[in-house]
Amino acid sequence: MTLIRTAAITFTAACLIAGPAAAGTKDDIRDLQARLDAAEQALAGQSQAILKVSQMERQIQELTGEIERLQYELDQANTRLDAVSAVLAGDSNYETPGDFSGGVSDDGPMSLMPGAGDEGGAGDPIGDQIQQSSGAGQQGEASDVALPLDPNAAFDYASGFLLAGDYQRAKAAFQLYVDAFPNHPRTADAQFRLGEIHLALGENAAAADAFIAHIRNYPNDQRSAEAYLKLGTAFARLDKASEACTVFKTMKSKHPNAPTPVMQRADLEMSRIDCK
């Protein structure tokens, strides 16, 4: 009995001694668990903050890109206005910028105007041919265009692509012609045809560029009035009604004796865009 009693007393004493230690350990575990939960919550909050910062940075990049795009479009619009103002003022020293860019239709080739040759006079081979070939869809690679050295042969070479409905090669060939033979008597016609091709392809800003160059460089050309008409048409298609109206009015004042179809077409366009 004595041994059993002694063992019981020893066990009880051990439990009394170990009790507070066990309780302390449990408290420590609970404290550690609480601290761990707090750390996890803090980490989750930090992750969300990092995600928000990343999203904000992405939004800032997108907004920056949009601002740059809008600034570029504004610069292009101002350049176009400067070009039109200079041409209409008769400033022959103004340097027309390169392709204004933009305004390209995805619909492929289209007729220049409703009705064959209605604005260019009867028998206009370019307007007629482009309209008749507008659905051909056979476009070549402009990279393989190489003009003959003779200006007349080069002009016929470029015209051959146009008559065949190969607008891309025709465009490249006439651009090469204008660059290679700036002072040849047929260059004014080449410049005009280049503008027509751009207009037929729906490349309205490039068409405006080409017709501005024609008006500036060849003010006495027999097709100058028509160049004004098509410049105004290009601006109208670019939703630049104010510029288009100014061009049409200038055409009428500078070319009061323009062919009747040209005048009629100008009146129609002015009515369509509500010129005052």
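Below, each value reflects all heavy atoms present in this structure, side chains not excepted, and no hydrogens, waters or symmetry copies.
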J.: Looking only at heavy atoms, what is the nearest atom pair of Ala234 and Ala208, with distance?
T.: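 In terms of heavy atoms, the two residues are closest at CB-N, 4.0 Å.
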
J.: side-chain hydrogen bond (donor to acceptor under 3.5 Å, both in side chains) with Asp37: which residues, sequence neighbours excluded?
T.: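 Testing Asp37 for side-chain hydrogen bond (donor to acceptor under 3.5 Å, both in side chains), a comparison that skips the adjacent residues, returns Gln33.
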
J.: Return yes when atom CG of Leu149 has more than 12 non-hydrogen atoms of other residues, nucleotides or ligands closer than 6.0 Å, and no otherwise.
T.: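 Counting other residues, nucleotides and ligands, CG of Leu149 stays at 12 neighbours or fewer.
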
J.: Suppose we screen for salt bridge (charged side-chain N to carboxylate O under 4.0 Å, His left out). Which residues come up paired with Asp150, at least two apart in sequence or across chains?
T.: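 Residues passing salt bridge (charged side-chain N to carboxylate O under 4.0 Å, His left out) with Asp150: none at all.
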
J.: List for me each residue that meets salt bridge (charged side-chain N to carboxylate O under 4.0 Å, His left out) alongside Lys249, sequence neighbours excluded, and say none if there are none.
T.: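 Not a single residue meets the salt bridge (charged side-chain N to carboxylate O under 4.0 Å, His left out) criterion with Lys249.
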
J.: Under a single-linkage definition using a 4.5 Å side-chain heavy-atom cutoff for Ile, Leu, Val, Met, Phe, Trp and Tyr, are Ile197 and Leu176 assigned to the same hydrophobic cluster?
T.: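 Same cluster: Ile197 reaches Leu176 through Ile, Leu, Val, Met, Phe, Trp or Tyr contacts under 4.5 Å.
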
J.: So do Leu231 and His214 actually touch side chain to side chain, heavy atoms under 4.5 Å?
T.: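 His214 vs Leu231: side chains apart.
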
J.: Whether the side chain of Ser224 engages the backbone of Asn220 through a donor-acceptor N/O pair (distance < 3.5 Å, no angle test) should be reported.
T.: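 Not at all, since once roles are kept as given, no pair shorter than 3.5 Å links the two residues.
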
J.: Strictly by disulfide bond (SG atoms under 2.5 Å apart), give each pair with a member in residues 224-276 just once, sequence neighbours left out.
T.: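 Qualifying pairs: Cys245-Cys275.
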
J.: Would you mind checking if Glu269 and Arg272 are paired as a salt bridge, meaning a charged N to carboxylate O distance below 4.0 Å?
T.: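 Salt bridge: yes.
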
J.: Please test Phe192 against Asp221 for side chain to side chain contact (heavy atoms under 4.5 Å, CB included), starting from the C-alpha separation and ending with a verdict.
T.: CA-CA 10 Å; Phe192 185 88; Asp221 184 65; 5.6 Å; no

J.: On the 0 to 90° scale, with breaks at 30° and 60°, tag the Phe161-Tyr157 ring pair as parallel, tilted or perpendicular.
T.: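 Ring orientation of Phe161 relative to Tyr157: perpendicular.
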
J.: Output the distance between atom CG (Leu199) and atom CG (Leu194), rounded to the nearest 0.5 Å.
T.: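 Here the interatomic distance stands at 11.5 Å.
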
J.: Side-chain contact, heavy-atom cut-off 4.5 Å: Arg193 with Lys171?
T.: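 Answer no - side chains too far apart.
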
J.: Ala210 and Gly195: which non-hydrogen atoms are nearest, and at how many Å?
T.: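 Where Ala210 meets Gly195 most closely, the heavy atoms are CB-CA, 3.5 Å.
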
J.: Spell out, as yes or no, whether a donor-acceptor pair under 3.5 Å connects the side chain of Ser271 to the backbone of Asp267.
T.: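 No, Ser271 side chain to Asp267 backbone: no donor-acceptor pair under 3.5 Å.
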
J.: Where do Ala258 and Ala225 come nearest, in terms of heavy atoms and distance?
T.: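 Closest approach of Ala258 to Ala225, heavy atoms only: CB-CB, 3.7 Å.
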
J.: State, to 0.1 Å, how close His255 and Met263 come at their nearest heavy-atom pair, and which atoms those are.
T.: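 The pair with the smallest heavy-atom distance is O-CE, 3.0 Å.
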
J.: Between the side chains of Asp189 and Arg186, is the shortest nitrogen-to-carboxylate-oxygen separation below 4.0 Å, so that they form an ion pair?
T.: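 A salt bridge is absent here (no side-chain N lies under 4.0 Å from a carboxylate O).
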
J.: Side chain to side chain contact (heavy atoms under 4.5 Å, CB included) with Ala244: which residues, sequence neighbours excluded?
T.: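 Here the qualifying residues are Phe235, Ala236, Phe248, Ile273.
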
J.: Closer than 4.0 angstrom, basic N to acidic O: yes or no for Arg265 and Glu226?
T.: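 A salt bridge is absent here (no side-chain N lies under 4.0 Å from a carboxylate O).
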
J.: Please test Glu196 against Leu162 for side chain to side chain contact (heavy atoms under 4.5 Å, CB included), starting from the C-alpha separation and ending with a verdict.
T.: CA-CA 10 Å; Glu196 280 198 309; Leu162 184 60; 5.8 Å; no

J.: Given the rule in the side chain to side chain contact (heavy atoms under 4.5 Å, CB included) test, do Gln191 and Arg223 qualify, once you have shown the distances and angles that lead to the verdict?
T.: CA-CA 11 Å; Gln191 182 68 56; Arg223 305 186 79 172; over 6 Å; no

J.: For Tyr218 and Pro182, which heavy atoms make the closest approach, and how far apart are they?
T.: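 Smallest interatomic distance, heavy atoms only, reads OH-O, 3.8 Å.
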
J.: Does a side chain donor of either His198 or Asn204 reach within less than 3.5 Å of an acceptor in the other side chain?
T.: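 His198 vs Asn204: no donor-acceptor pair found between side chains.
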
J.: Checking the side chain of Thr187 only, and the main-chain atoms of Val178 only, is there a donor and an acceptor separated by less than 3.5 Å?
T.: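 Here the side-chain-to-backbone pair does not exist.
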
J.: Give the minimum heavy-atom separation between Val145 and Ala172, together with the two atoms involved.
T.: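 Smallest heavy-atom distance, with atoms named: CG2-CB, 4.1 Å.
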
J.: Hey, mind stepping through Phe155 and Phe174 against side chain to side chain contact (heavy atoms under 4.5 Å, CB included) and telling me if it holds?
T.: CA-CA 8 Å; Phe155 190 92; Phe174 278 118; 4.0 Å; yes

J.: Just how far is it from atom CG of Leu163 to atom CG of Asp156, taken to the nearest 0.5 Å?
T.: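 So the CG of Leu163 and the CG of Asp156 are separated by 9.5 Å.
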
J.: Distance check, rounded to the nearest 0.5 Å: Asp166 atom CG versus Arg169 atom CZ?
T.: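 The CZ atom of Arg169 is 5.0 Å from CG of Asp166, to the nearest 0.5 Å.
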
J.: Which pairs with one or both residues in residues 31-53 pass ring pair (Phe, Tyr, Trp, His ring centres under 6.0 Å), sequence neighbours excluded?
T.: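 For residues 31-53: none.
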
J.: Is there a side-chain contact between Glu243 and Thr246, using heavy atoms and a 4.5 Å cut-off?
T.: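 Contact flag for Glu243/Thr246 side chains = no.
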
